[in-house]
Amino acid sequence: MSINPDDHRHDGIDEQIAVRDNPAAGRYEAVRRGTVVGTLIYERTRRRIELIHTVTDPAHRGEGVASVLVRTTLAEARAAGQQILVICPFIESWLRRHPEQREGVVVED
């Protein structure tokens, strides 16, 4: 699935964050001013996406980068009809704070 970065722009503290899927690297990338400032690592099968690890550049922590990555990834997986398996502790914690986003999500025990 190809994502047009223009379709996934979110306001950051002082500018926008674009999210793009980099399937060759197995990750979604948050991009600000042409620089990757965060990643969400995943493994995808035909029916499921496993969300493994979320990383934000230390210089951009607290700016909502990881939240933008999670929201975009969940939306894209739902749009593709994929089951979502969460392995990443950050995403587990994020989902507890955003229960409205739990639709279609399975958390690994």
Side-chain angles (χ1 to χ4, degrees):
M1 171 177 261
S2 177
I3 296 175
N4 179 350
D6 293 331
D7 293 339
H8 296 280
R9 292 190 178 276
H10 304 274
D11 292 327
I13 286 179
D14 56 1
E15 56 200 85
Q16 294 181 334
I17 300 168
V19 176
R20 65 184 179 208
D21 188 4
N22 183 343
R27 67 187 198 178
Y28 280 89
E29 299 169 336
V31 180
R32 186 178 277 160
R33 279 196 262 161
T35 301
V36 175
V37 295
T39 59
L40 192 156
I41 299 165
Y42 67 81
E43 287 187 22
R44 192 184 309 256
T45 66
R46 188 179 314 201
R47 294 185 174 163
R48 176 166 97 175
I49 185 168
E50 297 178 6
L51 308 182
I52 299 168
H53 189 59
T54 307
V55 179
T56 301
D57 180 314
H60 296 278
R61 289 191 181 142
E63 297 176 6
V65 172
S67 290
V68 170
L69 281 166
V70 174
R71 283 184 195 280
T72 302
T73 302
L74 293 176
E76 289 295 322
R78 287 185 190 113
Q82 291 183 306
Q83 179 186 33
I84 304 160
L85 176 64
V86 174
I87 299 168
C88 173
F90 170 80
I91 299 174
E92 289 177 9
S93 173
W94 188 90
L95 286 167
R96 283 192 292 277
R97 293 187 311 274
H98 301 279
E100 73 281 2
Q101 292 289 326
R102 294 192 60 85
E103 179 186 340
V105 175
V106 175
V107 176
E108 185 172 81
D109 293 325

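On a predicted model such as this, the values are computed, not experimentally measured, just so you know.
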With side-chain contact (heavy atoms from CB on, under 4.5 Å) as the test, would you mind laying out the steps for Leu95 and Val86 before giving the verdict?
-> CA-CA 10 Å; Leu95 286 167; Val86 174; 4.0 Å; yes
Please answer whether the main-chain N or O of Pro89 pairs with a side-chain N or O of Ser93 as donor and acceptor at a distance below 3.5 Å.
->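 A pair under 3.5 Å: no.
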Consider only side-chain heavy atoms of I, L, V, M, F, W and Y, link residues closer than 4.5 Å, and tell whether Val105 and Leu51 are in one cluster.
-> yes
Under a single-linkage definition using a 4.5 Å side-chain heavy-atom cutoff for Ile, Leu, Val, Met, Phe, Trp and Tyr, are Val106 and Ile87 assigned to the same hydrophobic cluster?
->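 Hydrophobic grouping puts Val106 with Ile87.
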Value rounded to 0.5 Å, distance of [atom1] in [X] from [atom2] in [Y]:
X     : Y      : atom1 : atom2 : result
Ile91 : Thr54  : CD1   : OG1   : 3.5 Å
Arg32 : Asp57  : CZ    : CG    : 10.0 Å
Leu74 : Leu69  : CG    : CG    : 10.5 Å
Ile84 : Glu103 : CD1   : CD    : 8.0 Å
Arg46 : Gln83  : CZ    : CD    : 15.0 Å
Thr73 : Tyr28  : OG1   : OH    : 5.0 Å

Do the non-hydrogen side-chain atoms of [X] and [Y] ever get within less than 4.5 Å of each other?
X     : Y     : result
Pro23 : Tyr42 : yes
Glu43 : Ile49 : no
Val55 : His53 : yes

Worked check of side-chain contact (heavy atoms from CB on, under 4.5 Å) between Val37 and Thr56 = CA-CA 6 Å; Val37 295; Thr56 301; 5.9 Å; no
With the threshold set at 4.0 Å, does a side-chain nitrogen-carboxylate oxygen contact exist between [X] and [Y]?
X     : Y     : answer
Arg44 : Asp21 : yes
Arg61 : Glu63 : no
Arg27 : Glu29 : yes

Shortest non-hydrogen contact from [X] toward [Y]:
X      : Y      : result
Val70  : Phe90  : CG2-CE2, 3.9 Å
Val36  : Thr39  : CG1-CG2, 3.9 Å
Arg102 : Val107 : NH2-CG2, 3.7 Å

Could you go through the side-chain contact (heavy atoms from CB on, under 4.5 Å) check for Val68 and Val19 one step at a time?
-> CA-CA 8 Å; Val68 170; Val19 176; 3.4 Å; yes
Test salt bridge (charged side-chain N to carboxylate O under 4.0 Å, His left out) applied to Glu50 and Arg48, step by step | CA-CA 7 Å; Glu50 297 178 6; Arg48 176 166 97 175; 2.5 Å; yes
Check the side chains of Arg47 and Gln82 for a donor-acceptor pair under 3.5 angstrom, ignoring hydrogens and angles.
-> no
Would you say the side chains of Arg71 and Ser67 form a donor-acceptor pair under 3.5 Å?
->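 Ser67 and Arg71 do not have a side-chain donor-acceptor pair below 3.5 Å.
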